[in-house]
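This one's a predicted model, so the numbers in the text were calculated from it and none came from an experiment.
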Amino acid sequence: MNAILYVGHGSRVKAGVNQFERFIHNVMTRYPDHDAFQTYGFIELSSPTIAEAIDHCVQNGATEITVVPVLLLTAGHARVDIPEQVEEAIKVYPAIRIHYRETIGVCEEVVELAVKRLEAAGMSRLADKAKRADVDVLLVGRGSSDGYQPSDVAKIARLIYERVDCRYVETCFLAATTPTVEEGLEKVERLRSGHTVVLPYLLFTGVLMNELEQKLQRRNGETTYKLCAFLGADHELAPVIVSRALASGGHV
């Protein structure tokens, strides 16, 4: 029997964990193999852990386990932390075949969802590249010491710029890399932006989302800020997670 294990980051903020759980239950209803056992675990900060979730799969009769990272971008967690925990599980269950899938990554669905979040904040889609609106976007990534994530955030910023009526799309990060949020805010203020829409490139709420809200509340100046909803506020990305689970390859 095949089992599907969805792996989230985890959070100290209960609301973020609850949002993840609701999201995953929606994903589970969309997975076409109704005989598959489906469950979830977390990398850190929340339970069950990945090891506990794999134990749960085996206890429910799984002979194959498909591990799906429910993460926006590929960075240290996806490339190192989850695979390391999977390798430990293989030592415990050498007869179990484990397949590891891709993160959401830079894909059409997530870029389009980011644009919809900006539209909900009052922005418009780009109609005339020669005449752009006097409003800027600050795209805020989680941040990682892994060089892949900042590069992917820059790609996403460019794709948003091609679709949204704005002067600039600047990037910054909440942790682990630069430019920091403070540096990002300072840059849009130097650009004399009268209005900046801040897009948190996060799946769910949590400590980082709360910190971002607090930073914006403390800013006083000529620039006004509007904070968008995080990306996982509804279930629009659920089909992407299902497609990752159904993909082939990725044996660990």
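- No option in Thr66, Leu5, Val86 other than Val86 meets the side chain to side chain contact (heavy atoms under 4.5 Å, CB included) test with Ile98.
- In this structure Glu112 satisfies the side-chain hydrogen bond (donor to acceptor under 3.5 Å, both in side chains) test together with Arg125, Arg163, sequence neighbours excluded.
- Within the model, atoms CD1 of Ile82 and CD of Glu87 stand 13.0 Å from one another, a figure rounded to the nearest 0.5 Å.
- Not one N or O on the side chain of Glu119 forms a donor-acceptor pair closer than 3.5 Å with the backbone of Ser124.
- Applying the 6.0 Å contact sphere to CD of Glu102 captures no more than 12 heavy atoms from other residues, nucleotides or ligands.
- Contacts of Lys116 classified as salt bridge (Lys or Arg N to Asp or Glu O under 4.0 Å), with partners at least two apart in sequence or in another chain: Glu236.
- Looking at Arg244, its side chain does come within 3.5 Å of a backbone N or O of Ile104 through a donor-acceptor pair.
- Hydrophobic cluster membership of Val207, counting Ile, Leu, Val, Met, Phe, Trp and Tyr whose side-chain heavy atoms lie under 4.5 Å apart directly or via other members: Val13.
- Residue pairs meeting the salt bridge (charged side-chain N to carboxylate O under 4.0 Å, His left out) criterion with at least one partner in residues 194-213, sequence neighbours excluded, do not occur; the list is empty.
- Residue pairs meeting the salt bridge (charged side-chain N to carboxylate O under 4.0 Å, His left out) criterion with at least one partner in residues 169-186, sequence neighbours excluded, are Glu170-Lys187, Glu182-Lys215, Glu182-Arg219.
- Salt bridge status for Asp152 with Lys155: present, with a side-chain N to carboxylate O gap under 4.0 Å.
- Partners of Phe23 under the side-chain contact (heavy atoms from CB on, under 4.5 Å) rule, at least two apart in sequence or in another chain, are Val27, Val70, Phe204, His235, Leu237, Ala238, Ile241.
- Residues Tyr201 and Val110 form a side-chain contact, since some pair of their non-hydrogen atoms from C-beta on lies under 4.5 Å apart.
- In this structure, the side chains of Pro150 and Phe173 come closer than 4.5 Å at one or more pairs of heavy atoms.
- Listed by chain and residue number, Asp234 satisfy the side-chain hydrogen bond (donor to acceptor under 3.5 Å, both in side chains) test with Arg117 (two or more places apart in sequence, or in another chain).
- Contacts of Lys226 classified as salt bridge (Lys or Arg N to Asp or Glu O under 4.0 Å), with partners at least two apart in sequence or in another chain: none.
- Taking the side chain as every heavy atom from C-beta outward, Ile54 and Ile65 approach each other to under 4.5 Å.
- Side-chain atoms of Glu64 do not come within 3.5 Å of backbone N or O of Asn2 as any donor-acceptor pair.
- Applying the salt bridge (charged side-chain N to carboxylate O under 4.0 Å, His left out) test to residues at least two apart or on different chains, none of the pairs has a partner in residues 6-33.
- Between Tyr161 and Val137, every side-chain heavy-atom pair lies at or beyond the 4.5 Å cut-off.
- Salt-bridge formation is not detected for the pair Asp165/Arg132: no Lys NZ or Arg NE/NH1/NH2 atom is positioned less than 4.0 Å from an Asp or Glu carboxylate oxygen.
- Atom CD of residue Glu189 and atom OG1 of residue Thr223 lie 5.0 Å apart, to the nearest 0.5 angstrom.
- Taking the centre of each ring, Phe20 and Tyr6 stay at or above the 6.0 Å mark.
- Screening residues 34-57 for salt bridge (charged side-chain N to carboxylate O under 4.0 Å, His left out) gives no qualifying pairs among residues at least two apart or on separate chains.
- Residues meeting the side-chain hydrogen bond (donor to acceptor under 3.5 Å, both in side chains) test with His195, sequence neighbours left out: Thr224.
- Scored by the side-chain contact (heavy atoms from CB on, under 4.5 Å) test, Ala78 finds Leu71, Thr74, Tyr100, Thr103 as partners (sequence neighbours excluded).
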